[in-house]
Amino acid sequence: MKNKIFLLIFPLLLSGCYDKTEMEERAFIINIGIDSFDQNSVYLNESLGGERFALSLDSAPLSHSGADKIADEETGVFCGTTFAEAIKAYDDLRSKSVFLGYAKAIVIAENVLKDPDLLSEAMDYIKSDGKINQKVILLAAKGKAYDIIKSIDDTESIYDLYISNFYRAKSAGNTSKTDLKTFLESISFAGNAVIPVIASDEGRVFLSGSAVLGDYKLSGYLSEDEEMGRLLLSGKADSKKINCGLNTLEVTKSSSRLSFKAEEGELILNADIKINGKVYGIVDKSDKNQIEETEKMFEEIIKDKIINTIEVTKNVLKTDGQNLMKLLYSENYNIYKSIADKRTAYENIKLNVSVSVNIK
């Protein structure tokens, strides 16, 4: 805990002063958990009726004695009719001014993701706070966001949620980070976006799969395997591992070239996927024929993963989580304009996938 606070305040110590407000009077929030109000839960401020939000604010307070005598506070959970009121409740009860400029992660609960009004209001507030870094990572919780924030706090593993470290760690799994900037750009088109799912088990915090949003609300989830298909399709599978029996392909570089065409009234997506990687297992790397056979084997596996993910998003989630329609809009507006029913266009899209694997 001491390390995480030092990393947070070090730049401020160098500056000598801070925005005319003494550092001891500020609450530097590291993590934000966003839940909907639950009348059966206990909050630090009094419920007056009509509350909609419950915010878990994980702060790194400072003592007057300096960094060596930093005192920790438990994560505070505050409720409010609006997002802004829940923030203000923290200010009032803790006698400190909330500062969100050093937030590293925003965890959004399932009940908020299912409510487009709550999600929209929360994002509007976050966008309007000019101090929040656009690179703060967004994570989805299948249960309560508070449980995730508290679990992180209890294990003192918050350092893993710093962007530069968390997605290098093994706990990142088959996911690709979604920061605030990426999320806002993605959801601005038809309300579609993808957010990695964070979970905890026996004190261990890890990522597993992703939450898919459509029309600004939760459509469902992708499993780790389905998320891998999404990453392969988008060319974001670098450092990921693909298993086949006793062999494992570690991707060193992935690329994806996507193009569209309209043919006989059908929208067709052509995906050209190229993968460079290293293989571990029972493969004789000196045997050229065996290497070629292994490459073909992984080409089929990758193709199947991509097709399966597209089918799940089309037929089960019925959501263009990959935002392919946004890509079509920017890459070939004439085809996009010619689509009669744009809301069902993704569900009817045809897919041609070409995969090339090069093992080195």
Side-chain angles (χ1 to χ4, degrees), residues 174-176 186 189-190 192-194 209-210 212-214 219-238 240-244 247 249-277 279 291-360:
N174 292 337
T175 62
S176 176
S186 179
F189 190 90
N192 298 336
V194 175
S210 60
V212 179
L213 279 67
S219 298
Y221 298 97
L222 293 179
S223 67
E224 278 208 29
D225 197 55
E226 292 159 354
E227 175 68 0
M228 174 62 86
R230 189 184 74 85
L231 297 179
L232 289 164
L233 180 62
S234 60
K236 296 180 179 179
D238 292 9
K240 304 305 180 187
K241 295 180 180 179
I242 303 170
N243 297 317
C244 179
N247 294 322
L249 176 66
E250 181 179 351
V251 179
T252 55
K253 184 178 180 180
S254 66
S255 64
S256 171
R257 185 171 179 271
L258 305 179
S259 61
F260 298 88
K261 68 177 181 179
E263 191 174 273
E264 297 181 354
E266 291 186 330
L267 178 61
I268 302 172
L269 169 64
N270 294 310
D272 183 16
I273 312 298
K274 297 188 183 299
I275 302 291
N276 291 334
V279 68
I291 289 294
E292 289 179 351
E293 290 177 2
T294 303
E295 288 174 339
K296 290 180 181 178
M297 175 181 66
F298 277 107
E299 285 171 357
E300 288 302 314
I301 291 173
I302 291 170
K303 182 176 180 179
D304 288 344
K305 286 182 181 295
I306 292 173
I307 292 174
N308 178 63
T309 298
I310 291 294
E311 290 302 311
V312 168
T313 56
K314 283 172 52 179
N315 301 321
V316 180
L317 304 183
K318 299 186 182 300
T319 301
D320 178 17
Q322 191 82 0
N323 250 336
L324 293 175
M325 292 300 100
K326 180 180 180 182
L327 178 64
L328 173 62
Y329 179 88
S330 60
E331 296 291 330
N332 198 324
Y333 180 71
N334 287 332
I335 293 180
Y336 179 83
K337 186 172 61 174
S338 69
I339 298 174
D341 187 353
K342 295 179 176 58
R343 294 187 63 84
T344 61
Y346 178 71
E347 295 174 31
N348 296 318
I349 197 171
K350 305 298 180 183
L351 181 65
N352 291 327
V353 182
S354 172
V355 180
S356 174
V357 173
N358 182 20
I359 295 176
K360 295 185 178 182

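One is the number of the first residue; the rest follow in order along the sequence.
- Summarising the geometry, atom CG belonging to L222 is positioned 6.0 Å from atom CD belonging to E227; distances are rounded to the nearest 0.5 Å.
- Note that CG of N192 and CG of L213 are 8.5 Å apart. Values are rounded to the nearest 0.5 Å.
- Annotation: the span from L233 atom CG to L324 atom CG amounts to 6.0 Å, rounded to 0.5 Å.
- Closest approach of G214 and S219 over heavy atoms only: N-OG, 3.4 Å.
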Query raised in the report: salt bridge (Lys or Arg N to Asp or Glu O under 4.0 Å) between K303 and E300: does it pass, once the steps are laid out?
Result: CA-CA 5 Å; K303 182 176 180 179; E300 288 302 314; 5.3 Å; no
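- When I306, I310, V312 are each tested for a side-chain contact (heavy atoms from CB on, under 4.5 Å) with N308, only one passes: V312.
- When all heavy atoms of A237 and S254 are compared, the pair lying nearest together is N-OG, 2.9 Å.
- The number of heavy atoms from other shown groups lying within 6.0 Å of NZ (K236) does not exceed 12.
- One finds the OG atom of S255 at 7.5 Å from the CG atom of N276 (value rounded to the nearest 0.5 Å).
- One distance of note links CD1 of I301 with SG of C244; it measures 3.5 Å at 0.5 Å rounding.
- Closest non-hydrogen pair, K318 versus N315, comes out as NZ-O, 3.6 Å.
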Query raised in the report: Would I302 and D304 count as a side chain to side chain contact (heavy atoms under 4.5 Å, CB included) if you check the C-alpha gap in whole Å, the side-chain angles of each, and the deciding distance to 0.1 Å?
Result: CA-CA 5 Å; I302 291 170; D304 288 344; over 6 Å; no
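- Looking at L269, I268, N270 one by one, the single match for side-chain contact (heavy atoms from CB on, under 4.5 Å) with K350 turns out to be I268.
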Requested in this report: Check step by step if side chain to side chain contact (heavy atoms under 4.5 Å, CB included) holds for F298 and V355.
Outcome: CA-CA 9 Å; F298 277 107; V355 180; over 6 Å; no
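- When side chains are defined from C-beta on, L267 counts as touching M325, because their heavy atoms get closer than 4.5 Å.
- Screening N323, D320, I335 for a side-chain contact (heavy atoms from CB on, under 4.5 Å) with L328, the sole residue that qualifies is I335.
- Looking at E226 and T309, their side chains never bring a donor and an acceptor atom within 3.5 Å of each other.
- Between the side chain of E295 and the main chain of I359, a donor-acceptor pair closer than 3.5 Å is present.
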Requested in this report: Please test L351 against I349 for side chain to side chain contact (heavy atoms under 4.5 Å, CB included), starting from the C-alpha separation and ending with a verdict.
Outcome: CA-CA 7 Å; L351 181 65; I349 197 171; 5.9 Å; no
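- The nearest pair of heavy atoms linking M228 to K241 is CE-O, 3.5 Å.
- Taking the side chain as every heavy atom from C-beta outward, N358 and I275 never approach each other to under 4.5 Å.
- In this structure, K305 and I242 approach most closely via the heavy-atom pair CE-CG2, 3.9 Å.
- In this structure, E264 and E266 have side chains that are not in contact, with every pair of non-hydrogen atoms separated by 4.5 Å or more.
- Geometrically, K314 does not engage Y346 in a cation-pi contact defined by less than 6.0 Å to the ring centre and at most 45° from the axis.
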Query raised in the report: After noting the C-alpha distance and the side-chain angles of Y221 and L317, does the key distance pass the side chain to side chain contact (heavy atoms under 4.5 Å, CB included) rule?
Result: CA-CA 8 Å; Y221 298 97; L317 304 183; over 6 Å; no
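- Taking a cutoff of 4.0 Å between a charged side-chain nitrogen and a carboxylate oxygen, K253 and D238 do not qualify as a salt bridge.
- Atom NZ in K360 sits 13.0 Å away from atom CD1 in I291 (nearest 0.5 Å).
- Counting heavy atoms from C-beta on, the side chains of N247 and M297 come closer than 4.5 Å.
- When atom types are taken as modelled, the side chain of S256 and the backbone of L232 share no donor-acceptor pair closer than 3.5 angstrom.
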